[in-house]
Trainee: 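Quick one: the structure is below, questions incoming.
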Amino acid sequence: MTQQDIFAAIRAEVLAALGRIIPELPAEIVARVEVQPARDAAHGDMASNAAMVAARAAGRKPAEIAAELATALAALPAIDAATPAGPGFVNLRLAPTAWHGVVRAALAAGNGFGDSTLGAGQAVNVEYVSANPTGPMHIGHCRGAVVGDALAALLAKVGFAVTREYYINDAGAQVAALAWAAYWRYLQALGTTMTEEEYAALVPGGLQYRGEYLIAVGEALLAAHGPALAGPDATPAPPALWLATVRETAVAMMMASIREDLALLGVTQDVFSSERALVAAGAVDRAIATLDAKGLIYEGVLEPPRGKTPDDWEARPQTLFRSTQFGDDVDRPLRKSDGSNTYFSNDIAYHADKAGRGFPLLIDIWGADHGGYVARMAAAVTAITGGAAKLEVVLCQIVRVMRGGEPVRMSKRAGSYVTLRDLIEEVGRDAVRFIMLTRKSDAQMDFDLDQAVAQTRENPVFYVQYAHARCRSVLRAAAEAGVLADGGEAALAEADLALLDDAAELALMRRMGAFPRLVEAAALAREPHRIAFFLYDLASDFHMLWNRGKEDATLRFIRAEQPQATRARLALVAATVAVLRAGLAVLGVTPMEELR
RNA sequence: GCGCCCUUAGCUCAGUUGGAUAGAGCAACAGCCUUCUAAGCUGUGGGUCGGUGGUUCGAAUCCACCAGGGCGCGCCA
């Protein structure tokens, strides 16, 4: 049993046996055959639904097939017992040697345990964060950053060729507003006598982004340009003189700041795509032309939303995309009534650009407030690529930050933090990352600051890292005691694992054996949080085993008088380390050597 | 009004893509340190899986309707 995924290995055996009982089963039946962990340990280690799935096609009773299957499987060396059960399950109890194979596989694979070829090298683009470059990252961006980063790692682990991408929204009204705000800081740096309100009255749409983080931008502009961007006596000059320059500097500085924040979070992305560059290159017009050539564009008037007509509603002709042909509810505007492009058309161009770079699969991580946008964007990707590329969107629900059981108010004035940087400073990067992954992304979440820094079981980060630290502590103690002697940890794979037969040891091995299967399932479902829950369970199994050694000295890992048993147990501990690290690597969380 | 997401133990949440008697943590109670980290472990109690129908060998999971919560709904990005 050299295969990493013991469930896949046993499934292959089940299929072979089933093929002998019922030859020529249709492929779609075979595909439905599963071997999965038993829910109840009393049923054994694994259960297969093979007999139930095959029964109808074979025209036989499930229980009958299950009985024959059980007889055949029981004869295999890796299987200790196979029994038909319930409506037609075959329950399997594996020979301990099969579980020992899992330990060897984990030791051999190390961080690569759970790697698979599921993705077959297919290119996938994961786009996440993509916060507007108008200020430092705040907590609202954080969940998407962590989920996207972990999902990218997860997909890479199962064999996709992953590109991590950030889309810079540097073309729209938001960055113009940013430029106006940065220009105010520049005038202040010059020593203007205007008040903020006087200046705000001059700004189209009003002065936004009043945060102090733009002071540095104003100072940088002064250092680079002196008074050249302003009028006499530090008064505002016409925008034509400064807008483009200020915008460029401000966006560049905001992006630098965001990248610092991302680095603090341990997120590094491969590609940063600029919306402005795409627009300048004519990509939007090309995208619209492509849709037009496919007959998917028309000039039309949209119905007002039913039951909720805006006060200023007025029927106007617009350029519309036939997204209803691809499953959307209504056709969507590509151009505003004044003829300029909507954000949607820029986004179509961007996604077409991504697809054109050779990604048949695009995954975007969005905030839940963009949920209404998913159908039209997916429709557009399908339409413009002729089905060659597919868009999937993972929505992340709101995170509420809690302190002392109360939500922390996101007020800039109240001094309660809003930035990602502050959050990381308070609870640490590992806690931020892990806790963000302890919920399904589409479920709302409370981030409990008190829990995040607690050093108890209720803090999942601590609990998992503590398990790893305990493992390392044992291995260090073993090295000091000289028990590891020959070849150190590397030689533990050659230990006589047959000596691992305690129930708690088997439970731990069973858990590790489930990891490769779980990794694949999590990747297919785009649900990195499953890894976090697995690690918590694995840590729990290990802590349990540890305490067995407290209650019964013969179950301690290190027993000076039993070198063979000691080496076998150290092999199990080292394998646990490998699996914990493999999982933590997906989440981007540090495996701590010690937590003192 | 329409669309999407959510509803599981007192609280916060898992539930291996339809499997067997629905699981964790917290909170409550009772235990375990001359021993590798007690920052841990063990045990007890706690459920109409929001409701009603349907699909089938089998439903917390799929479908329909209903109730409650969240998000969104032409020229914001």
Side-chain angles (χ1 to χ4, degrees), chain A residues 7 34 36-40 42-43 47 49 52 55-56 61-63 85-89 91 132 134 169 171-175 275 301-310 313-316 318 320 328-330 332-333 335-340 342-344 346-347 367-375 395 397-398 438-440 442-446 448 451 454-460 462-463 465-467 469-470 473-478 480-481 514 517-518 521-522 524-525 527 529-530 533-534 536-537 540 543-551 553 556-558 573 594-596:
Chain A
F7 289 89
E34 289 177 10
Q36 49 185 220
R39 292 211 170 201
D40 187 334
H43 296 142
N49 62 351
M52 288 181 286
R56 186 173 293 175
K61 290 180 180 169
F89 287 101
N91 289 334
N132 285 344
T134 52
N169 292 127
Q174 295 305 312
V175 288
E275 180 186 7
V301 179
L302 286 175
E303 297 283 312
R306 243 173 252 151
K308 186 213 165 240
T309 307
W313 178 268
E314 177 178 343
R316 287 171 185 163
Q318 290 176 279
L320 300 173
D328 201 359
D329 299 326
V330 292
R332 304 290 179 172
R335 292 202 179 98
K336 304 172 190 173
S337 51
D338 67 4
S340 63
T342 58
Y343 180 80
F344 180 45
N346 286 14
D347 232 359
D369 53 344
H370 290 66
Y373 202 71
V374 173
L395 292 179
Q397 282 286 353
I398 293 248
T438 53
R439 293 282 180 278
K440 280 186 296 235
D442 60 4
Q444 289 175 52
M445 168 161 87
D446 286 350
D448 185 334
Q451 179 198 299
Q455 302 215 325
T456 68
R457 176 168 194 159
E458 64 183 302
N459 179 359
F462 168 78
Y463 189 71
Q465 285 183 324
Y466 185 38
R470 274 184 155 174
S473 164
V474 170
L475 292 169
R476 279 195 303 271
E480 278 167 29
R517 182 178 185 276
L518 177 111
L524 285 172
E527 290 185 350
H529 76 276
R530 294 192 196 185
F533 281 92
F534 171 86
Y536 188 84
D537 289 340
S540 179
H543 287 308
M544 187 194 303
L545 182 58
W546 172 288
N547 276 274
R548 293 290 305 272
K550 290 206 164 292
E551 291 153 13
R556 292 175 54 119
F557 297 114
I558 301 172
V573 173
E594 54 182 353
L595 291 175
R596 287 180 190 283

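What's counted below: heavy atoms across the whole structure, side chains too, no hydrogens, waters or symmetry copies. Computed from a predicted structure; not experimentally measured. In what follows, chains are A, B, ... by sequence order, proteins preceding strands, each numbered from 1.
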Trainee: Write down the distance separating the C1' atoms in B/C13 and B/G53, rounded off to the nearest Å.
Mentor: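 Between the two C1' atoms, the distance is 29 Å.
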Trainee: Regarding A/F462, tell me which of base, sugar-phosphate or nothing describes its non-hydrogen contacts under 4.0 Å with the strands shown.
Mentor: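 The residue A/F462 makes base contact.
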Trainee: Please report the distance separating the P of B/C6 from the corresponding atom of B/G45, rounded so that it comes out in whole Å.
Mentor: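 Those two atoms are separated by 33 Å.
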Trainee: Mind checking side chain to side chain contact (heavy atoms under 4.5 Å, CB included) for A/F533 and listing every partner two or more places apart, or none if nothing turns up?
Mentor: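 Per chain and number, A/F533 pairs via side chain to side chain contact (heavy atoms under 4.5 Å, CB included) with A/H529.
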Trainee: For B/C26, measure the glycosidic angle (O4'-C1'-N9-C4 for a purine, O4'-C1'-N1-C2 for a pyrimidine) and name it syn if it falls within 90° of 0, otherwise anti.
Mentor: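 B/C26: anti.
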Trainee: Above 12 or not: heavy atoms from other molecules or residues under 6.0 Å from CD1 of A/I398?
Mentor: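 12 or below, so no.
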Trainee: Side chains of A/N132 and A/Q174: do they bring a donor and an acceptor to under 3.5 Å?
Mentor: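 The answer is no; no qualifying pair exists.
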Trainee: Find the distance A/W546:CH2 to B/C32:C1' and express it as a whole number of Å.
Mentor: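 Rounded to the whole Å, the gap is 16 Å.
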Trainee: Please pick, from B/G3, B/C13, B/A77, the nucleotide with the shortest atom-to-atom distance to any side-chain atom of A/Q174.
Mentor: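 Nucleotide nearest to A/Q174's side chain: B/A77.
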Trainee: Closer than 3.5 angstrom, by distance alone: can the side chain of A/N49 be matched with the main-chain N or O of A/E34 as a donor-acceptor pair?
Mentor: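 Answer holds: yes.
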Trainee: Just call it for A/H529: base, sugar-phosphate, or nothing, with non-hydrogen atoms closer than 4.0 Å on any strand.
Mentor: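 If one applies the 4.0 Å heavy-atom cut-off, A/H529 turns out to touch the sugar-phosphate alone, with no base involved.
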Trainee: Pick the P atom in B/U56 and in B/U44, then give their distance to the nearest Å.
Mentor: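 Going atom to atom, P in each nucleotide, I get 40 Å.
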Trainee: Quick one: salt bridge (charged side-chain N to carboxylate O under 4.0 Å, His left out) partners of A/R530, sequence neighbours excluded?
Mentor: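 In terms of salt bridge (charged side-chain N to carboxylate O under 4.0 Å, His left out), with neighbours along the sequence ignored, A/R530 is linked to A/E527.
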Trainee: Mind checking the P distance from B/U34 to B/A38? Whole angstroms is fine.
Mentor: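 Per the computed distance, 12 Å lies between those P atoms.
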Trainee: Can you tell if the side chain of A/Q465 reaches within under 4.5 Å of the side chain of A/L595, non-hydrogen atoms only?
Mentor: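 Answer yes - side chains close enough.
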Trainee: Counting the atoms with a prime plus P, OP1 and OP2 as sugar-phosphate, which does A/Y373 contact under 4.0 Å by heavy atoms, base, sugar-phosphate, or nothing?
Mentor: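 Base, at least one base atom sits under 4.0 Å.
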Trainee: List in chain and number order the residues that pass ring pair (Phe, Tyr, Trp, His ring centres under 6.0 Å) with A/H543, two or more places apart in sequence or in another chain; answer none if no residue qualifies.
Mentor: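 Scan of A/H543 (ring pair (Phe, Tyr, Trp, His ring centres under 6.0 Å), adjacent residues dropped) gives A/Y463, A/Y466.
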Trainee: Listed by chain and number, what are the side chain to side chain contact (heavy atoms under 4.5 Å, CB included) partners of A/D448, not counting sequence neighbours?
Mentor: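 Once residues adjacent in sequence are excluded, the partners of A/D448 under the side chain to side chain contact (heavy atoms under 4.5 Å, CB included) criterion are A/D450, A/Q451.
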Trainee: The criterion is ring pair (Phe, Tyr, Trp, His ring centres under 6.0 Å); which residues satisfy it with A/F89, sequence neighbours excluded?
Mentor: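 A/F89 satisfies ring pair (Phe, Tyr, Trp, His ring centres under 6.0 Å) with no other residue.
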Trainee: Taking atom P of B/A24 as reference, at what distance in whole Å does atom CZ of A/R439 sit?
Mentor: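 Rounding to the nearest Å, CZ of A/R439 and P of B/A24 are 17 Å apart.
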Trainee: Calculate, to the nearest 0.5 Å, the distance between atoms CD and CZ belonging to A/E594 and A/R476 respectively.
Mentor: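 Here the rounded value is 5.0 Å.
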Trainee: Just the rounded figure in Å: distance from P of B/G74 to CG of A/L302.
Mentor: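 Taking CG of A/L302 and P of B/G74, I get 10 Å after rounding.
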Trainee: Who are the ring pair (Phe, Tyr, Trp, His ring centres under 6.0 Å) partners of A/F344, not counting sequence neighbours?
Mentor: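 In terms of ring pair (Phe, Tyr, Trp, His ring centres under 6.0 Å), with neighbours along the sequence ignored, A/F344 is linked to A/Y373.
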Trainee: Please work out if A/T456 contacts a base, only the sugar-phosphate, or nothing of the nucleic acid, heavy-atom cut-off 4.0 Å.
Mentor: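 If one applies the 4.0 Å heavy-atom cut-off, A/T456 turns out to touch the sugar-phosphate alone, with no base involved.
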Trainee: Please state how far atom CD in A/E458 lies from atom P in B/U12, giving the value in whole angstrom units.
Mentor: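 So the CD-P distance, A/E458 to B/U12, works out to 15 Å.
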Trainee: Where do N or O atoms of nucleotides 6-9 of chain B meet protein N or O atoms at under 3.5 Å, pair by pair?
Mentor:
none

Trainee: Taking the same atom, C1', in B/U42 and in B/U48, what whole-Å distance lies between them?
Mentor: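 It works out to 31 Å between them.
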Trainee: For B/G3, does OP1 or OP2 lie under 4.0 Å from any side-chain N or O of A/R332?
Mentor: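 False: A/R332 side-chain N/O out of range (4.0 Å or more) of B/G3 OP1/OP2.
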Trainee: A/R470 has an atom CZ; how far is it from atom C1' of B/U37, in whole Å?
Mentor: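 In whole Å, B/U37 C1' lies 6 Å from A/R470 CZ.
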Trainee: Need to verify one output field. Residue with the more 5' nearest nucleotide on RNA chain B, A/E275 or A/P37?
Mentor: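 Going by which nucleotide is closer to the 5' end, it is A/P37.
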Trainee: Return the value, rounded to whole Å, for the distance between atom CG of A/D328 and atom P of B/G74.
Mentor: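 In whole Å, B/G74 P and A/D328 CG are 13 Å from each other.
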Trainee: Expressed as a whole number of Å, how far does the P atom of B/U8 sit from that of B/G47?
Mentor: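 Between the two P atoms, the distance is 15 Å.
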Trainee: Distance check, C1' atoms only: B/G18 and B/A60, in whole angstrom units.
Mentor: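 It comes out at 11 Å once rounded to the nearest Å.
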Trainee: Reading nucleotides 17-23 of chain B 5' to 3', which nucleotides get B (base under 4.0 Å from a protein heavy atom), which S (sugar-phosphate only), which -?
Mentor: B-BB---
Trainee: Using side chain to side chain contact (heavy atoms under 4.5 Å, CB included) as the criterion, list what pairs up with A/L475, not counting sequence neighbours.
Mentor: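 Testing A/L475 for side chain to side chain contact (heavy atoms under 4.5 Å, CB included), a comparison that skips the adjacent residues, returns A/R472, A/E489, A/L492, A/L570, A/V573, A/A574, A/V577.
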Trainee: Under a cut-off of 3.5 Å for both distances of each Watson-Crick or G-U pair, what dot-bracket string does RNA chain B give, using [ ] for crossing pairs and | for inter-strand pairs?
Mentor: (((((((..((((.....[...)))).(((((.......))))).....(((((..]....))))))))))))....
Trainee: Under 4.0 Å: is that the gap between some side-chain N or O of A/H543 and OP1 or OP2 of B/C36?
Mentor: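 A/H543 to B/C36 OP1/OP2: no side-chain N or O under 4.0 Å.
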Trainee: Tell me: CZ of A/F557 to C1' of B/C41, nearest whole Å?
Mentor: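 Distance, rounded to whole Å: 13 Å.
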Trainee: Whether A/Y463 contacts B/C41 is assessed here as follows: a side-chain N or O lying under 4.0 Å from the phosphate OP1 or OP2. Is that the case?
Mentor: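 Affirmative; the distance criterion is met.
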Trainee: For A/D329, give me all partners under salt bridge (charged side-chain N to carboxylate O under 4.0 Å, His left out), at least two apart in sequence or on another chain.
Mentor: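 Applying salt bridge (charged side-chain N to carboxylate O under 4.0 Å, His left out) to A/D329 gives none.
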Trainee: With sequence neighbours excluded, tell me which residues meet side chain to side chain contact (heavy atoms under 4.5 Å, CB included) with A/R548.
Mentor: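 By the side chain to side chain contact (heavy atoms under 4.5 Å, CB included) rule, A/R548 matches A/D502, A/A504, A/E551, A/L555.
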Trainee: Looking only at atom P, what distance separates B/U61 and B/G25, rounded to whole Å?
Mentor: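 Between the two P atoms, the distance is 25 Å.
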Trainee: Without decimals, in angstroms, what is the distance between A/Q451 CD and B/A27 C1'?
Mentor: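 Distance, rounded to whole Å: 14 Å.
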Trainee: For A/V301 and for A/A553, find the nucleotide of RNA chain B with the closest heavy atom, then tell me which residue's nucleotide is more 5'.
Mentor: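 Checking each residue's closest nucleotide, the 5'-ward one belongs to A/A553.
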